S.K.: 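Provided herewith is a single structure, encoded as structure tokens, for subsequent inquiry.
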Protein chains: 2
Amino acid sequence: MTQPPSLSDRLRRGDVLAAACPSREVLRHVTGRWAVLILIVLEEGTQRFSALRRRVDGVSERMLAQTLKHLEHDGLVARVSHAVVPPHVDYTLTPLGEEAAAHVRRLADWVEANVPQIVAARG
Amino acid sequence: MTQPPSLSDRLRRGDVLAAACPSREVLRHVTGRWAVLILIVLEEGTQRFSALRRRVDGVSERMLAQTLKHLEHDGLVARVSHAVVPPHVDYTLTPLGEEAAAHVRRLADWVEANVPQIVAARG
DNA sequence: CCGCATCCTTTAAGATACTG
DNA sequence: CAGTATCTTAAAGGATGCGG
């Protein structure tokens, strides 16, 4: 149980409860279906496109590319393209991305640890 | 930078990177567009449907009802319906829900605190 | 009147094929 | 290899109705 945030807080730092606040969009990107998994995998270190595609089971190339673009746009992921044949593109977390990844990883860890209890409670 | 999880970990507690693992579905529910905001508001205490609708700016009644149903199904939210006219339905976090809410709130707090930097970096 | 359920429209996601 | 373009399919969202 916490108290509602003060007005000064809501003006100074953005407010996810306000529909017009840009934090809403960032939160949507970070908590996106594939973004969560990509951030977790990238926390292990730099990965190439194809490696991400293999680690994040079930992601399509289209969604992987789109999600990486969003994360890059938000400054959470850095894209480095090596001009060689065949092409070689590396994706790395920025310092900001490392922080975001740590948060979503803690959440995912919690889900993984509690999923047996959750599934059991469903009957 | 962390290391890839051991095989025993991936079998014992669920693995969000495996498409078939039920943790994927739970993670999707918890990180859903509206679920994140609903969990945060419910952390302040029990709320009724109409109050949630007002606090979570932009949510439709349909999405609010659907998301609450998912969270209830996962055992994160408890629904108490008082048989009065006009109807009165209360939603409360379960102990499990409190934990989940704490995690998503920390993530949302981080986003709110860093959104100025993120928006600025976009140019 | 509040809390949904149902219908219908709009948007996002997924599969597939193709190019620098 | 690392994407993009195109098409199909599923999910999100909005308007409306209805039972309690």
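These numbers come from a predicted model, not from an experiment. Each chain gets a letter, A, B and so on, in the order the sequences are listed, and its residues count up from 1.
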S.K.: Output a table of donor-acceptor pairs, distance under 3.5 Å, between side-chain atoms of residues 73-81 of chain A and any protein atom two or more places apart or on a different chain; print 'none' if there are none.
M.R.:
| from | atom 1 | to | atom 2 | distance (Å) |
| --- | --- | --- | --- | --- |
| A:D74 | OD1 | B:R122 | NE | 3.1 |
| A:D74 | OD1 | B:R122 | NH2 | 2.6 |
| A:D74 | OD2 | A:H29 | ND1 | 2.6 |
| A:R79 | NE | A:Y91 | OH | 3.4 |

S.K.: From the 5' end of DNA chain C to its 3' end, which nucleotides mark the outer limits of contact with chain A, defined by a 4.0 Å heavy-atom distance cut-off (strictly under)?
M.R.: C:dA13 to C:dG20

S.K.: Under 4.0 Å between a side-chain N or O of A:Y91 and OP1 or OP2 of D:dG3?
M.R.: yes

S.K.: Expressed as a whole number of angstroms, how long is the span from A:R48:CZ to D:dA2:C1'?
M.R.: 9 Å

S.K.: Among residues 60-70 of chain B, which ones have heavy-atom contacts with DNA chain D below 4.0 Å?
M.R.: B:S60, B:R62, B:M63, B:Q66

S.K.: Assign A:V89 to base, sugar-phosphate, or nothing according to its heavy-atom contacts below 4.0 angstrom with the strands shown.
M.R.: sugar-phosphate

S.K.: Flag the pair B:R55 / B:E44 as yes when at least one side-chain heavy-atom distance between them is below 4.5 Å, and no otherwise.
M.R.: yes

S.K.: Is the closest side-chain heavy-atom distance between A:L39 and A:L93 below 4.5 Å?
M.R.: yes

S.K.: Touch check for A:P86, heavy atoms < 4.0 angstrom, all strands: base, sugar-phosphate only, or nothing?
M.R.: sugar-phosphate

S.K.: Which whole-number value in Å describes the distance from B:R33 CZ to D:dG13 C1'?
M.R.: 9 Å

S.K.: What's A:R28 touching, base or sugar-phosphate or nothing? Going by heavy atoms closer than 4.0 Å.
M.R.: nothing

S.K.: Hey, does A:R53 reach any base, or is it just sugar-phosphate, or nothing, if we go heavy atoms under 4.0 Å?
M.R.: nothing

